[in-house]
Amino acid sequence: MNKEIFKEHMNRYLLNFAVLVLAWGGLLRRAFNCDTLTHMAQTRTDIDIMIQHGRYLNALQDFLLYQAGLSTTDHTGVTVLAELLLLALSLCIIQTCFEEKTGFGYMRAVRGREADIRERLAWLGLTSLLFVNVLFAEAFMFGECALMFGMAYLLASLGARAFCKKRYGLSFLFFFLSTMEYQAAVIYGAILLSAWIFLDNECRLTGRAAWQELLCGMLTVGSGVLNVLSLGLLERLGLVAEAGRSVNVGNLWEKAEICLQDFGRILIHSRELLPGVGLPLAVTLIGSGIVLWKCLRERKYGPAGYFLLLTAAMFLMVYILPMIQHDTRTYPRFICAFYAAQSMLLLLAFWCSRERLRAALCYVVCGYVLIQIFFCNIIVANHMISNTLDETYAMMVYEKITEYEERTGQRVEKLAVVNDTDCPFSYNNVSYKTDQINERALGTVSNTLVNVVSGRNFEKVAMDQEVYKRCFEGKNWDYFDASEQLVIEGDTAYWAIF
């Protein structure tokens, strides 16, 4: 590699990293959610749980750090930085895969042709969409798992790269290692490779294309299935107490209905993380419409049919994990693969557009990514508000406890917590929230929160029924009021969460 090409690749990496920092840089500080607090208090137990969920590599990473006296929860800004660095490298790998196939991309010169500034910006924008989108925010809510997410997507990107080079054994190895970090990353890999296969076969659904798609499914989804099977084997051998993952198809129609409703919510407002104006739907229609219009204008009905199948398959892949799980939970960290499918639609639209349309598409892509960045920053700001309120209320309770101890001379050793009749999972001050994006710790891991904030270890005990009936039963507060919600008797503090 000559000096100029190396310089181009370094510039590409730094630009990818800069875009990621624009979206998620606000999390380069200490932050937490419920699982983070649990990990702080029960690191060793959490590592065992990771093994039970098939995240063997993640468990190994955390164990080595734990043995070295390092905690990912104490340095969540560092782990988020590591995730951003790994995701930027993943983007470089994927960009290179498609540049080699399409002849378009970020590089100043691709296949001997010069790329103008709009082409380079569009390429940067449409690939950044893989990780710069509001649903991907959930992958940053777990500071203790940031390294896991970064490694999972990097390994999946390397698996896609190996597939493009026809090194299928190596591809399977990377995808299987990816499942040992986080299983959902292989769905991202499957979506990218499906679009790549479409290009590799020049938009024609041939026997070769069908074989490649089948092989792609075997290497990606098959890796996930093998990961789940390995858990069953470990359980039978007695190496884990219980397998935390299993395949449960159940009522397919009921599950499909849940997933279709969720898909509609994504198209309209991305689970209420974007304005409810149907922006994701509009961008999806623009990307798919351009490709279909080109196929039909040139009377290429076969490629048009193949493209429709591809589009349907990519969006169906988004819901593979919810469909095979018992409770059909559509976590944002699963369904953020929607934006991987949307990114591929925009990529195919850009590839098949003529110069004038390509210029217009550049503005659409860049505008869309800027909107995503804007709302990603709002989500991050809301996350900090939620963390601040959690810490503030926990500290106010602890201050009341210390006042009681100083006044009475009685040391409080125990903490009993109960929620009031309508205890929400997020604060009213936080506008952008869904599932574990901006969940509040108060009301879910309240005991752990107080222990972490105070630096003390209050024993978690059950709520005394006599105290509950006398002080808390039937009450529903809309605000924090320690004089009503906290009762201290003897060595025990009783706290009702609003």
Side-chain angles (χ1 to χ4, degrees), residues 12 16 87 89-107 110-111 119 122-131 153-175 178 185-223 287-288 290-291 294-295 302-318 320 337-353 365:
R12 179 213 297 271
N16 284 328
L87 293 177
L89 183 55
S90 301
L91 286 175
C92 291
I93 292 167
I94 296 305
Q95 287 164 353
T96 303
C97 290
F98 282 96
E99 283 171 359
E100 291 172 353
K101 183 55 58 182
T102 64
F104 294 99
Y106 167 77
M107 298 293 283
V110 184
R111 289 189 184 175
E119 177 182 319
W123 205 258
L124 183 68
L126 63 87
T127 49
S128 295
L129 192 60
L130 294 169
F131 306 126
Y153 282 99
L154 176 60
L155 289 166
S157 299
L158 288 169
R161 174 70 177 171
F163 186 97
C164 296
K165 293 293 185 181
K166 296 181 173 57
R167 301 178 68 180
Y168 302 122
L170 186 60
S171 177
F172 175 75
L173 175 62
F174 281 129
F175 281 126
S178 178
V186 294
I187 304 301
Y188 147 93
I191 290 171
L192 300 186
L193 284 179
S194 293
W196 186 89
I197 291 167
F198 180 81
L199 292 170
D200 189 48
N201 289 275
E202 299 178 350
C203 316
R204 296 195 306 271
L205 184 56
T206 61
R208 176 174 176 269
W211 162 246
Q212 284 180 309
E213 294 285 5
L214 178 62
L215 184 60
C216 167
M218 291 168 61
L219 297 182
T220 55
V221 179
S223 296
S288 54
I290 289 172
V291 179
K294 181 181 184 297
C295 291
Y306 183 13
F307 175 74
L308 288 173
L309 284 174
L310 171 69
T311 303
M314 288 195 298
F315 287 125
L316 283 171
M317 280 189 272
V318 173
I320 286 178
F338 167 85
Y339 283 102
Q342 198 173 64
S343 172
M344 292 299 99
L345 288 180
L346 291 170
L347 187 149
L348 294 174
F350 189 83
W351 170 69
C352 71
S353 299
V365 168

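Since the structure is predicted, the reported quantities are computational estimates derived from the model, not experimental observations.
Here Ser90 pairs with nothing under the side-chain hydrogen bond (donor to acceptor under 3.5 Å, both in side chains) rule; sequence neighbours left out. For Ser353, there are no side-chain hydrogen bond (donor to acceptor under 3.5 Å, both in side chains) partners at least two apart in sequence or on another chain. Under the side-chain hydrogen bond (donor to acceptor under 3.5 Å, both in side chains) criterion, Ser171 pairs with no residue, sequence neighbours left out.
Without hydrogens or angle criteria, Ser178 side chain to Phe174 main chain gives no donor-acceptor distance under 3.5 Å. Side-chain atoms of Ser343 never come within 3.5 Å of backbone atoms of Tyr339 as a donor-acceptor pair (strictly under, hydrogens ignored).
The distance from the NZ atom of Lys101 to the CD1 atom of Ile197 is 10.5 Å, given to the nearest 0.5 Å. Put simply, CE on Met344 and CZ on Phe98 are 4.5 Å apart, with the number rounded to the nearest 0.5 Å. Summarising the geometry, atom OG1 belonging to Thr102 is positioned 12.0 Å from atom CG belonging to Asp200; distances are rounded to the nearest 0.5 Å. To the nearest 0.5 Å, the span separating OG1 on Thr127 from CG on Leu346 amounts to 10.5 Å. Rounding to the nearest 0.5 Å gives a distance of 11.5 Å between CD of Gln342 and CD1 of Ile191. Expressed to the nearest 0.5 Å, how far CG of Leu192 lies from CZ of Phe163 amounts to 12.0 Å.
Counting non-hydrogen atoms of other residues, nucleotides and ligands closer than 6.0 Å to CZ of Arg167 gives a total of 12 or fewer.
In this structure, the side chains of Leu345 and Phe315 come closer than 4.5 Å at one or more pairs of heavy atoms. Here the side chains of Met317 and Val221 are not in contact, with every heavy-atom distance at 4.5 Å or above. Side chains of Leu347 and Trp123 form a contact here, defined as non-hydrogen atoms less than 4.5 Å apart. Residues Phe175 and Leu193 are in side-chain contact: their nearest non-hydrogen atoms beyond the backbone lie under 4.5 Å apart. With a 4.5 Å cut-off on side-chain heavy atoms, Trp351 and Cys203 count as touching. Residues Val365 and Leu124 are not in side-chain contact: their nearest non-hydrogen atoms beyond the backbone lie 4.5 Å or more apart. Looking at Leu170 and Lys165, their side chains never come closer than 4.5 Å, going by heavy atoms from C-beta outward. The shortest distance between side-chain heavy atoms of Phe172 and Ser223 falls below 4.5 Å.
Of all non-hydrogen atoms in Leu310 and Ala195, the two that sit nearest each other are CD1-N, 4.1 Å.
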Worked check of side chain to side chain donor-acceptor pair (under 3.5 Å) between Thr220 and Tyr188: CA-CA 9 Å; Thr220 55; Tyr188 147 93; over 6 Å; no
